[in-house]
Each structure stands twice: as structure tokens, then as C-alpha cells.
Number of protein chains: 4
Amino acid sequence: MPLKKMKRNAAASRESILKAALKEFSTVGYAGARVDNIAQAAGISKPLIYTYFGDKDAVYAAALREAYVQIRESEKQLNFENLESVEAIRSLVAFTLEHFRNNPWFIIMLNTENLRGGEAIRKIHDVEHIQSHLVRKLGEILAKGEKEGKFRAGIDPVELYVFIASVCYFPVSNVHTLRAVFAISLDDAWLDSHGKRAAEFVVRYLRPL
Amino acid sequence: MPLKKMKRNAAASRESILKAALKEFSTVGYAGARVDNIAQAAGISKPLIYTYFGDKDAVYAAALREAYVQIRESEKQLNFENLESVEAIRSLVAFTLEHFRNNPWFIIMLNTENLRGGEAIRKIHDVEHIQSHLVRKLGEILAKGEKEGKFRAGIDPVELYVFIASVCYFPVSNVHTLRAVFAISLDDAWLDSHGKRAAEFVVRYLRPL
Amino acid sequence: MPLKKMKRNAAASRESILKAALKEFSTVGYAGARVDNIAQAAGISKPLIYTYFGDKDAVYAAALREAYVQIRESEKQLNFENLESVEAIRSLVAFTLEHFRNNPWFIIMLNTENLRGGEAIRKIHDVEHIQSHLVRKLGEILAKGEKEGKFRAGIDPVELYVFIASVCYFPVSNVHTLRAVFAISLDDAWLDSHGKRAAEFVVRYLRPL
Amino acid sequence: MPLKKMKRNAAASRESILKAALKEFSTVGYAGARVDNIAQAAGISKPLIYTYFGDKDAVYAAALREAYVQIRESEKQLNFENLESVEAIRSLVAFTLEHFRNNPWFIIMLNTENLRGGEAIRKIHDVEHIQSHLVRKLGEILAKGEKEGKFRAGIDPVELYVFIASVCYFPVSNVHTLRAVFAISLDDAWLDSHGKRAAEFVVRYLRPL
DNA sequence: AATGAATGAGGGTTCATTCAT
DNA sequence: TATGAATGAACCCTCATTCAT
């Protein structure tokens with residue numbers, strides 16, 4: 001009975017800890033996270049966390065991996081099969097921005113891990129495999145567009161992805177400081193129009209000549 | 001003897017606390033920062049921090065403000081007076097990237113503050129004034145380029161700045177996670193070439209038609 | 001082995017904290033009390049105090065309540081069933097004085113709480129119930145004596161209790177200042193004779209005419 | 001120019017410290033008092049307190065003495081010259097109650113000193129002299145009343161004073177705990193009527209037969 | 001006579017972690 | 001498998017006191 005929710009079930013406990021941990025770390029960062037909060041949110045006792053994971057660091061590492069797994073899952077929704085190359089790029093940019101807007105917790109996990117110097121992610125050995133999906137798709141689009149003469153040649157998919165991610169990540173990640181520093185509202189409407197500009201930004205970069 | 005470290009000098013003590021605090025917060029974030037470390041690095045006793053600032057939160061707020069002040073100072077080096085519009089833009093992009101590469105502590109301060117929801121920066125009332133320099137310069141370049149027919153019309157300087165900042169911020173801020181996830185080295189050479197691509201990116205965005 | 005000090009016994013730990021706290025607060029007052037001392041006297045670690053009570057204030061409130069509970073317990077020894085009215089009053093006065101002499105810690109708790117403006121006791125909702133025993137007894141004695149023509153009518157038991165408590169409380173509570181200010185020894189013998197005078201004091205007040 | 005208020009005046013500084021100290025100690029007790037608060041209230045710097053008094057203990061001792069001095073001053077208002085003996089007693093009781101009601105800070109000083117075991121007052125060598133006024137007056141009234149046949153013989157003035165002080169001190173000192181424990185309002189009106197009962201109490205105690 | 005500058009020692013409280021069952 | 005009980009180490013902060021002028 002694999003779907004039945006039961007107590008005294010190791011797998012279920014582990015999973016609920018992981019979920020709670022991801023939520024905690026992606027809300028207040030590593031140093032701000034409390035093992036107590038995780039236990040309470042997971043509905044289990046604190047020692048169980050140590051039984052399953054060892055220490056706070058290990059819980060964090062597992063939560064970071066879980067973050068990537070969850071993000072990969074939601075990226076799977078992406079589908080360009082029937083789109084023309086330029087439209088596919090525009091769609092990818094829009095999707096990426098929406099993605100960050102809908103999953104700000106992932107941004108916090110990334111910032112947290114970078115604050116820690118990437119110590120944890122370096123030890124996750126299959127992380128490349130987990131995240132390669134999007135870049136592969138991007139490579140296909142680039143190849144197709146190039147063959148059709150719509151895109152320049154020589155564009156590296158990873159490098160392009162860094163640009164796309166940059167223009168989508170930054171205004172979401174830094175929303176509070178941007179709001180304070182610039183005389184712009186940075187509300188939903190602004191981000192909507194920013195998405196359109198960002199797509200244009202990328203498309204112009206790819207256009208031949 | 002101008003190099004002698006003064007004792008019983010309030011202004012000097014305050015300043016050394018501020019410097020040490022900025023270093024501490026921009027290394028380990030707010031929750032990870034230790035008042036003890038700040039005191040030790042500043043070469044003063046812990047209570048003095050409380051005498052001058054009140055509590056950890058206030059020290060952090062002062063350090064955040066100091067971060068913006070220092071960044072403004074280093075941005076003042078920027079000079080486009082004798083540059084042609086397109087070159088000015090390329091130069092600005094290059095400068096911005098160098099800026100983030102040379103001052104990673106500023107990135108950490110921004111991420112830290114955004115993790116905290118912008119609570120502190122909202123209370124710094126002159127922060128807009130502190131940071132407006134760069135956007136003003138950018139506006140001048142855009143106006144000049146547009147008049148010369150080199151740039152499209154209707155580009156908002158703040159919006160453009162967000163793009164420039166994005167493509168310069170992201171690969172520096174997220175260097176550790178990017179390194180782990182993608183099969184790229186992300187070393188100095190990569191960032192150098194990224195800078196060139198980024199300039200091209202922006203220039204193509206501005207180009208008419 | 002019933003005398004063995006149990007470890008890992010929540011109820012016992014809580015109780016030992018309470019006892020130690022009552023002792024500490026009733027020795028040096030609230031501001032002078034040290035959580036450290038309480039922990040040490042209770043034979044447990046400091047954090048356990050916070051686990052069980054929350055903070056120093058809550059420990060104090062619990063100790064204050066415990067003070068009233070303990071006092072009520074020792075007041076239960078009182079028995080006037082077979083005593084004639086006047087003798088019952090004399091006995092009550094004597095008992096009350098002995099009570100304060102034997103439990104000076106209770107006086108300190110009361111003074112401490114009054115110094116704090118009664119903040120804690122106002123939140124103890126069953127305190128009236130805890131303390132009503134003595135006044136009820138006093139009411140019965142008054143009623144009986146009045147019916148027998150030995151006491152005046154119209155004496156309120158609470159008001160009378162305030163008088164009895166006053167003359168028993170004051171010389172015990174203020175023993176050190178009285179000793180210094182007046183040329184009297186204020187030793188045990190003095191307090192013994194004071195008790196007799198106090199009984200006379202009260203009886204004369206109740207006597208008809 | 002002895003009345004002129006001036007800075008850099010040792011005597012004036014000392015006095016303002018004393019006043020501020022008395023206020024502080026008689027508000028929050030010894031352990032709760034803060035040297036900082038005293039300095040601020042006195043309008044002088046903290047080190048000056050140490051220059052003039054030595055340490056917190058010494059400031060407290062001086063404040064305690066000052067408390068007695070001030071109380072003696074306000075007791076000097078008392079005048080029974082033209083009063084008949086019984087009326088004089090009633091008047092004295094009323095005065096004593098008013099005295100405690102008007103000077104609750106004195107009560108707190110007494111409780112504070114008794115909490116400390118009388119350590120400070122024992123070292124104030126002229127305290128008996130300071131406080132003897134009231135008891136002497138009481139002795140005169142007793143002698144006169146006894147001679148007139150209105151009072152019993154053999155009443156010791158100090159012992160009588162303890163009774164009077166008791167019934168006036170207790171309901172003022174313990175107002176907060178009494179309010180919580182008993183179903184009485186203990187407001188100004190109650191204290192007014194309590195004063196009348198207290199006078200009756202004492203008078204009946206003195207009455208012959 | 002007076003004070004701004006500074007601190008050692010300790011205050012209450014929190015937190016990751018372990019023990020005992 | 002799971003947890004209630006417990007704690008060492010540290011954290012932020014305060015306070016009486018001293019230094020240097």
C-alpha cells in the first residue's frame with residue numbers, strides 16, 4: 001500500500017522532513033533556519049531529523065537537492081514542439097520569468113547556497129543531470145533556428161541560458177532593493193512588461209546581422 | 001604619527017565598527033553574522049557596538065547604508081565624457097561587470113537584504129539619492145545616442161539599467177551554483193568573454209530596427 | 001529505591017525548578033534573582049527552565065503562585081472547632097504571627113510582587129480561591145461570637161483580617177529597619193510578647209461597647 | 001550666593017545625585033536600580049557618581065539616609081499641642097496613614113532595605129536620632145492621657161507606635177496583592193474608612209478597663 | 001570639578017545536538 | 001521507528017565600573 005499515509009513510516013517521515021526543511025531554508029536561509037521549525041512543520045520530533053540526516057548541514061544539503069528536483073519537475077511542463085524558433089525563444093524567456101516569479105523559494109535557495117560558497121552543491125554529484133533539461137531544449141531551438149536562418153551561428157546554449165536566466169532572475173531576486181533604490185513601482189505590471197522587453201532583448205541578440 | 005591607532009576616539013571607533021560590520025555581514029549574511037566577530041575585527045569591545053548603534057539590527061542597517069555609500073564612491077570613477085555613444089554603453093557594461101567582480105561583498109549585502117524582505121533599506125531615506133548617479137549618466141548616453149540616430153527611441157534608463165545589472169550581477173552572484181550545474185569552468189576567462197557578449201547583448205538591444 | 005533522584009522525569013524537574021525559583025525570588029527579589037542560581041539549585045541545566053516556563057517572568061509568576069499554594073497548605077493546619085470565640089480570635093492572631101515568623105520568604109514574595117505593581121498576581125486567576133480559606137474561617141468566628149454577644153456587630157471579616165495581618169506582618173517584614181531605628185531588641189522574646197499584645201489589640205476592638 | 005543654581009558646584013551635584021538616587025531606588029528597589037538612570041535624572045555624568053560616592057552600594061546607603069531625613073522633615077508638620085489626648089491619638093493615626101499614602105517611595109525604601117537584611121541601615125549611626133521625633137511625641141500623649149485617666153497605664157510608646165505603623169503601613173504597602181486576593185476594591189475610599197477604623201482600633205486598645 | 005570613551009563580567013535566552021526509553 | 005527530556009556552547013545584550021583627559 002504505497003500511497004497510504006501512515007505513521008511509523010520511514011519513507012513518509014523522511015519526505016515530510018525534506019519538504020519542511022526546504023520551506024524553512026528557502027524562507028530564512030541557512031543560518032536563519034531552525035531545526036525546531038522544521039520538526040514542527042514536518043509533524044515529527046526533532047531527534048528523528050538527526051536519525052535520518054545526521055546534522056543541520058546534511059538536512060540543508062538534502063533540501064538543496066530537493067529544490068533542484070522540484071524545479072526540474074516544474075520545468076518539464078515546458079513544451080516547444082509546435083513553436084516556430086523565434087516564438088520558442090520568446091516563450092522560453094516568458095516561461096523562465098514566470099518560473100522565478102512563481103518559485104521565489106528557489107531563488108533564495110540559490111542565493112543561500114552561493115552565500116555558503118557552493119559547499120553543498122559541489123557534493124551533489126548528479127546535479128548536472130538533474131538540471132540539464134532546459135539547456136538541452138535551448139540547444140535544439142538554437143540549432144533549428146540557425147538552420148532556418150533565423151538565428152546567428154555560434155551561440156552557445158549555456159551562455160545564452162545564462163543571459164536568459166540573468167534578466168529573469170535579477171529583478172525577482174532583488175525586488176526589495178530595486179524598489180527602494182529606483183523610482184519604479186516594480187509591481188506585477190512592471191514585471192509583465194519587463195518580460196516582454198526581456199524576450200525582445202534576447203531575440204535581438206540572436207537575430208542575424 | 002598619523003598611523004598610530006588612536007584610542008578614545010569616538011569617530012574612529014564608530015568607523016572601525018562600521019567597516020568590520022560591513023565585512024562580517026557581507027561575508028556570512030545577517031543571521032550568520034556574530035557581534036563578537038565584529039568587535040574583534042574592529043579592535044574594540046562588544047559593549048561599544050551597543051553604545052554606538054543600539055543593537056545588531058541597527059548595526060546591520062548602518063552597514064547596509066555604508067555598502068551603498070562605498071559603492072557610490074567607486075562608481076564615481078566612471079567617466080564617459082569623451083566616448084562615442086555605443087562605446088560609452090560598452091564601457092558601462094564592462095565597468096558594471098568589473099564592479100560586481102571586484103565587490104562581491106556588495107552582492108552579498110544585496111542578497112542578504114532581499115532575504116530580509118528589504119526591511120532595512122526601506123528605512124534608509126536617502127538611498128535613492130546615493131544611487132542615482134549611474135542611472136543619470138545612462139540617461140544622458142541614451143539621449144545622445146538617440147539624437148545621433150544610433151539608438152532606438154523610447155528606452156527607459158532605469159529599465160535598461162536593470163538589464164545591464166542583470167547580466168552582470170547574475171553570473172557573479174550565482175557563480176558557485178552555475179559552476180556546479182553547468183559543464184563550464186566559469187573562471188576569470190569565461191567572465192571576461194561574458195562581458196564582451198553582454199556588451200554586444202545590450203548594444204543590439206539599443207540598435208534601431 | 002524511592003529516594004533516588006530521578007533523571008528524565010519532567011514533572012520532577014518542573015517541581016524542582018519551581019522550588020528553587022521560589023527560594024531564589026524569595027531571597028533576593030525579582031531583579032536580584034539569577035536564573036543561573038535557580039538552575040544550579042534545582043540541579044538541572046538553564047535551558048530546561050526556559051523549556052518549562054518560557055522566561056524569567058513566567059518562572060517568577062509560577063513561583064508566586066506556588067508561594068500562595070504553599071501558604072494555603074500550611075494554613076490548613078489551623079483548627080478552631082473546639083475553641084470559644086474570643087479564644088479562637090486570640091489563637092488566630094497567634095497563628096498568623098507564627099505563620100509570618102516561620103515563613104519570612106512569603107513576606108518577601110509579597111513585597112517583591114508589590115514592588116512590581118502586582119503585575120504577576122493579577123494574571124493568576126484562581127488566587128482568590130487559593131487564599132479564601134482563612135477569611136471564611138474568620139467570618140464564622142465573628143458570626144458565632146456576635147450571636148453569643150461577645151463581639152460587636154458589623155465587623156467585616158476582610159477588614160478585620162487586614163488588621164490582624166497588619167500587626168503580624170509589619171514587625172516581621174520590617175524587622176531590620178525597626179531594629180536600627182528603635183532602641184528595642186526586636187528579638188524572639190519581643191515578638192512573643194508582641195503576639196500577646198496583638199491578640200489583646202484585636203480582642204478589644206471586637207468587644208461590645 | 002548659596003541659593004543660586006550653578007554648574008561646577010560640588011554640593012549641588014551631590015544633592016542632585018542623591019535626589020535622583022532616592023527616586024530610582026524607591027521606584028525599582030536596589031537590584032532593579034540603574035546607575036545610568038540616576039546619572040541621567042541628576043543631569044550629571046556617571047563617573048561623577050563614583051567620584052562622590054564610591055559605588056552603587058554607597059549611593060544606596062546615602063539615599064536610604066536621605067529617605068529618613070526627608071521623612072523626618074515631613075513628620076515635623078505634626079502638631080498636637082492643642083489637642084485632647086484621645087483626639088491626639090486619632091489625629092496621629094490619621095496622620096501616619098496619610099503619611100504612608102503620600103510617600104509610598106518611603107515604603108519601598110524600607111522594604112528594599114529589609115530585603116537586603118538591613119545591611120545599610122545598620123551603618124547609619126544617627127538614624128535613631130533622625131527618627132525619634134514621632135515616638136517622643138507619642139510618649140507625651142500617652143503620659144498626658146494616662147494622667148487624665150483616659151488611657152491605660154503601662155503602654156510602651158514604641159510598642160504602640162509599632163501597632164499604629166502596622167495598621168497604616170500594611171494596606172498601603174501591600175495594596176496590589178490585597179487587591180488581587182480579596183474581593184475588595186482597596187481604592188481611596190476604602191483607605192479613608194480604613195483610617196477611621198484604625199483610629200478606633202488604637203483608641204479602644206488604650207482605653208482603660 | 002567633570003565627562004566622553006571604553007570595558008570585564010555577567011545577564012537572560014536560544015539552538016543544534018544527544019540521552020534514555 | 002520514534003520521542004520526551006535534557007544540555008553545552010554560544011548569542012545578543014546590559015551594567016557597574018574605570019580610563020584618560
Side-chain angles (χ1 to χ4, degrees), chain A residues 6-14 31-39 43-59, chain B residues 6-14 31-39 43-59, chain C residues 6-14 31-39 43-59, chain D residues 6-14 31-39 43-59:
Chain A
M6 57 205 308
K7 291 283 158 191
R8 306 263 159 184
N9 178 324
S13 292
R14 210 183 181 283
R34 299 290 165 254
V35 176
D36 244 320
N37 292 349
I38 295 172
I44 49 88
S45 71
K46 244 189 311 180
L48 204 60
I49 294 178
Y50 290 88
T51 303
Y52 283 138
F53 293 90
D55 62 7
K56 188 184 175 183
D57 254 69
V59 180
Chain B
M6 302 284 221
K7 289 285 167 188
R8 311 263 158 190
N9 180 331
S13 294
R14 209 183 182 282
R34 299 291 166 251
V35 177
D36 249 319
N37 292 349
I38 295 173
I44 48 87
S45 70
K46 243 192 307 181
L48 206 59
I49 294 178
Y50 293 90
T51 303
Y52 286 134
F53 293 91
D55 61 8
K56 187 185 175 182
D57 253 69
V59 180
Chain C
M6 302 283 220
K7 288 287 166 185
R8 311 265 158 187
N9 180 331
S13 293
R14 209 183 182 282
R34 296 292 166 253
V35 177
D36 250 319
N37 292 348
I38 296 173
I44 48 87
S45 70
K46 243 194 305 179
L48 206 59
I49 294 178
Y50 291 89
T51 302
Y52 286 134
F53 293 91
D55 62 7
K56 188 184 176 183
D57 253 69
V59 180
Chain D
M6 56 203 309
K7 290 286 158 187
R8 307 266 160 181
N9 179 324
S13 293
R14 211 182 181 284
R34 298 289 166 255
V35 176
D36 244 319
N37 292 349
I38 295 172
I44 50 86
S45 70
K46 244 189 312 178
L48 204 59
I49 294 178
Y50 291 89
T51 303
Y52 283 138
F53 293 90
D55 62 7
K56 188 183 176 183
D57 255 69
V59 180

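Any value given below was found using the heavy atoms of this structure, including those in side chains, with hydrogens, waters and symmetry copies removed. Chain A is the first sequence line, chain B the second, and so forth, proteins listed ahead of strands; every chain is numbered from 1.
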Of the non-hydrogen atoms in C:S13 and C:Y52, which two are nearest, and what is the gap between them?
CB-CE1, 3.9 Å
So what's F:dT21 paired with, Watson-Crick or G-U wobble, going by both distances under 3.5 Å?
E:dA2
Of F:dT17, F:dA5, F:dC19, the nucleotide closest to the side chain of D:K46 is F:dT17
Using a 4.0 Å heavy-atom cut-off, does C:A33 contact any base of the nucleic acid, only the sugar-phosphate backbone, or nothing at all?
sugar-phosphate
Which residue lies toward the 5' end of DNA chain E, A:D36 or B:S45, if each is placed at its nearest nucleotide?
B:S45
Hey, is the side chain of A:S13 poking within less than 4.0 Å of OP1 or OP2 on F:dT1, counting only N and O atoms?
no
E:dA2 phosphate, OP1 or OP2, under 4.0 Å from D:Y52 side-chain N/O:
yes
Walking DNA chain F from its 5' end, the first of B:A31 and C:A11 to be reached, judged by nearest nucleotide, is C:A11
Does A:R34 place a side-chain N or O at less than 4.0 Å from the phosphate oxygens OP1/OP2 of E:dT14?
no
Please name the pair of heavy atoms, one in A:A31 and one in B:G32, separated by the smallest distance, quoted to 0.1 Å.
CB-N, 3.5 Å
Is the phosphate of F:dA6 approached by C:T51 (side-chain N or O, under 4.0 Å from OP1 or OP2)?
no
To the closest 0.5 Å, what do you measure between NZ (D:K46) and CZ (D:R34)?
11.5 Å
Choose from F:dA9, E:dT7, F:dT3 the nucleotide whose nearest atom is closest to any side-chain atom of C:P47.
F:dA9
Could you check which of E:dA5, E:dT13, E:dA16 has an atom nearest any side-chain atom of B:A10?
E:dA5
Select from C:R14 and B:V35 the residue whose nearest nucleotide in DNA chain F is closer to the 5' end of that strand.
C:R14
